[in-house]
Protein chains: 2
Amino acid sequence: MVTMKDVGREAGVSAMTVSNVLRGNDNVAPETAKRVREAADRLHYRLNTTSLSARSLRVSTSRRGRTFGTIGLAIFELDRPYPSQLASLISQAAEKRGYQTVVQETRINAENERSIIERVSNQFCDGLIFSSSRLSAAEIEQLSNHRPTVLLDDDRPQHDIDTILTPSEIGAQQAIEYLWASGKRHIGIVGGLGEGSDEHETADSYDTRHRRLMGCRKAFEELGVDWWEVPIIPTLWNDVEAREAVNRYADVVRSCDALFCMTDTTAFGVIRGLKDLGLSVPEDIAVMGFDGIEMSATMVPSLTTVAVDIPMVAQKAVDMLIERIDDESDRERQRIVADFHIERRESA
Amino acid sequence: MVTMKDVGREAGVSAMTVSNVLRGNDNVAPETAKRVREAADRLHYRLNTTSLSARSLRVSTSRRGRTFGTIGLAIFELDRPYPSQLASLISQAAEKRGYQTVVQETRINAENERSIIERVSNQFCDGLIFSSSRLSAAEIEQLSNHRPTVLLDDDRPQHDIDTILTPSEIGAQQAIEYLWASGKRHIGIVGGLGEGSDEHETADSYDTRHRRLMGCRKAFEELGVDWWEVPIIPTLWNDVEAREAVNRYADVVRSCDALFCMTDTTAFGVIRGLKDLGLSVPEDIAVMGFDGIEMSATMVPSLTTVAVDIPMVAQKAVDMLIERIDDESDRERQRIVADFHIERRESA
DNA sequence: ATGAAAGCGCTAACAG
DNA sequence: CTGTTAGCGCTTTCAT
């Protein structure tokens with residue numbers, strides 16, 4: 001490995017001067033600086049970022065005017081459209097601001113999340129973005145050595161951390177209202193059960209599913225429908241499980257004229273499941289999703305959905321995080337709810 | 001931050017002894033070791049991995065018998081099903097072997113890839129997996145300080161690195177043969193143009209698209225069809241562009257009785273585009289994809305496709321990489337082609 | 001069995 | 001303008 005010392009020797013200066021030149025400090029004679037830069041190029045010198053953090057416990061450094069930082073993103077799943085789109089958008093938003101993003105998959109497992117913080121984010125990142133974390137704010141603070149952090153879609157009581165929420169409650173409510181307004185009177189809900197089958201899930205009454213269900217409930221109650229009469233089909237939020245659920249609950253499904261699905265992916269599985277039952281969408285039954293992933297426009301039929309402004313979630317997450325990284329002062333914690341709209345398409 | 005020194009003070013020993021205990025070295029009295037461990041727990045001590053690499057230039061350490069390594073995965077896009085599924089599977093395969101995976105998006109941009117290696121992978125990872133890299137093997141070797149590396153789907157001449165390929169040529173060939181065998185005589189190809197619109201793409205005649213096209217060509221030539229007569233519709237490999245392309249090349253499309261699409265996502269866009277034109281699949285026209293992503297089974301109609309064994313790609317990539325990490329010896333470079341099969345479904 | 005010293009690559013603080 | 005010193009958290013080496 002080529003070190004600054006090596007470059008210094010080549011250029012006939014000390015390592016310190018090399019450091020100054022390469023960092024763009026202006027207290028070096030232009031002539032010397034030139035020699036150093038040439039030597040560095042000749043030797044293919046590469047900064048060893050590792051050693052930076054040893055000295056400063058901060059990873060970010062500015063070099064030649066550009067900031068040079070790293071953001072850690074812990075996301076629950078990488079193999080589904082919504083989280084992977086989000087990860088991609090965050091990556092790109094961060095890049096525009098001069099930050100590199102490293103993504104890690106938690107699979108909604110607290111132990112994984114701890115490992116991620118301890119082994120990676122905590123060591124190499126200037127800040128963290130956590131999506132659907134299973135850890136408490138306090139634990140995140142502690143494990144991360146109080147690094148700047150932004151939480152995505154985590155609505156538990158201890159909000160001592162900047163948070164961005166998807167409009168789960170109001171979005172679900174408007175979805176039901178939309179279906180009702182289009183004349184549907186037998187609306188079912190698909191996706192009542194959790195992603196993980198563990199008891200954590202059900203104990204945590206502040207999670208996304210709960211909020212979406214509460215939105216539905218509110219809509220129904222305002223419409224004068226008894227919430228306990230509303231058919232709810234339990235399934236994990238993915239296409240394969242949703243399809244099976246529709247087949248398993250065929251009778252329930254047949255009694256409905258509309259189905260609101262907790263995510264777009266779930267809706268895809270539902271549409272497929274309905275096809276298996278010989279039911280067509282939207283003629284026999286209307287289907288609505290939640291998220292507004294890109295593919296929802298491409299599907300046949302295209303999916304009517306609660307389209308969350310995903311680019312906004314990504315942009316705000318990055319902006320808030322970088323603001324915290326740059327500005328150490330203890331600004332008050334923010335809490336943002338993402339925009340959304342009902343995207344009316346073919347399926348409902 | 002709690003350091004070994006702190007733990008040592010708490011336990012009444014030196015930092016050195018703490019290091020020995022925590023690494024599982026057996027030259028410490030059981031009694032002392034116990035005291036140290038308790039002190040570490042009490043203080044919530046966390047190993048600062050950063051400082052390891054300064055000393056050893058290797059990140060992986062075994063602690064209490066468990067390896068404790070990190071794999072860097074550079075992948076071209078995170079917002080499409082194929083790469084994101086791959087990333088997820090690699091993450092999970094690595095985890096089973098005790099490695100954490102950090103994923104970074106390159107967006108098929110050489111500068112990004114350099115930045116990724118220099119700023120992250122190179123510093124904190126025991127090994128790298130590169131998917132669809134734009135860098136030469138030589139450059140990867142140099143930038144990464146000769147770290148263990150596995151290339152995914154990169155079939156350029158300089159294969160001085162372990163590589164896993166998708167069966168692009170043979171897969172495409174069998175797809176055309178399948179369509180032909182089912183009686184189609186006017187087969188078109190969708191996705192003839194590159195992901196990036198830059199000249200790099202066209203100059204690089206060893207890339208995936210080229211190989212898939214060559215597979216088609218071989219099939220057609222063996223079937224006695226003039227390759228230059230085969231309609232090829234140019235589009236980027238995603239649903240939105242593919243849909244537009246179908247509309248733009250409506251005349252060409254209408255002259256076909258089957259369309260082979262370069263990826264499943266492209267096929268989704270094509271099916272949608274055909275719907276826009278009032279054409280139904282498979283009645284009016286058969287559609288076939290390539291990749292075998294999960295959603296292809298859920299789509300309506302479900303997608304007949306060249307199903308690549310994606311879990312195998314992930315597993316082999318991780319296995320090969322870890323083998324190289326563990327075994328420094330210069331074993332010969334390997335080159336594996338993933339399994340596949342023609343998954344026959346509704347669309348063709 | 002335990003620890004003191006040296007050093008990994010880099011930079012903040014200060015000296016010349 | 002340039003260099004020296006010291007130190008970041010840890011491990012390797014070598015005494016004790």
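All values reported here derive from a predicted model rather than from experimental measurement.
In terms of the side chain to side chain contact (heavy atoms under 4.5 Å, CB included) criterion, residue partners of B:Arg42 (sequence neighbours excluded) are, by chain and number, B:Glu10, B:Glu38, B:Ala39. Judged as a side chain to side chain contact (heavy atoms under 4.5 Å, CB included), and not counting sequence neighbours, the contacts of B:Asp6 are B:Val2, B:Thr3, B:Arg9, B:Leu43. Taking A:Ser131 as the reference, A:Ile75, A:Phe76, A:Leu152 meet the side chain to side chain contact (heavy atoms under 4.5 Å, CB included) condition, with sequence neighbours excluded. Every residue meeting the side chain to side chain contact (heavy atoms under 4.5 Å, CB included) condition with B:Ala94, not counting sequence neighbours, appears here in chain and number order: B:Ile71, B:Tyr99, B:Thr101, B:Val318. Listed by chain and residue number, nothing satisfies the salt bridge (Lys or Arg N to Asp or Glu O under 4.0 Å) test with B:Arg35 (two or more places apart in sequence, or in another chain). Applying the side-chain hydrogen bond (donor to acceptor under 3.5 Å, both in side chains) test to A:Glu113 and every residue at least two apart in sequence or in another chain returns A:Ser133. Legend: residues meeting salt bridge (Lys or Arg N to Asp or Glu O under 4.0 Å) with B:Glu31, ordered by chain and number and at least two apart, are absent.
As a whole-Å value, the separation of A:Leu22 CG from C:dA12 P is 14 Å. The distance between atom CE of B:Met4 and atom P of D:dT12, rounded to the nearest whole Å, is 11 Å.
Note on the helix from C:dA1-D:dT16 to C:dG16-D:dC1: terminal axis deviation equals 40°, with five pairs used at each end and the result rounded to 10°.
OP1 or OP2 of C:dC10 has at least one side-chain nitrogen or oxygen of A:Tyr45 nearer than 4.0 Å. An OP1 or OP2 oxygen of D:dC10 is reached within less than 4.0 angstrom by no side-chain nitrogen or oxygen of B:Ser19.
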Could you list the protein-to-nucleotides 1-5 of chain D atom pairs, N/O on both sides, closer than 3.5 Å?
{"unit_1": "D:dT2", "atom_1": "OP1", "unit_2": "A:Thr32", "atom_2": "OG1", "d": "2.5"}
{"unit_1": "D:dT2", "atom_1": "OP2", "unit_2": "A:Ala29", "atom_2": "N", "d": "2.7"}
{"unit_1": "D:dT2", "atom_1": "OP2", "unit_2": "A:Thr32", "atom_2": "OG1", "d": "3.3"}
{"unit_1": "D:dG3", "atom_1": "OP2", "unit_2": "A:Ser14", "atom_2": "N", "d": "3.1"}
{"unit_1": "D:dG3", "atom_1": "OP2", "unit_2": "A:Ser14", "atom_2": "OG", "d": "3.4"}
{"unit_1": "D:dG3", "atom_1": "OP2", "unit_2": "A:Thr17", "atom_2": "OG1", "d": "2.7"}

Please step through salt bridge (charged side-chain N to carboxylate O under 4.0 Å, His left out) for the pair A:Arg324 and A:Asp162, ending with a clear verdict.
CA-CA 9 Å; A:Arg324 280 244 180 256; A:Asp162 287 328; 2.6 Å; yes
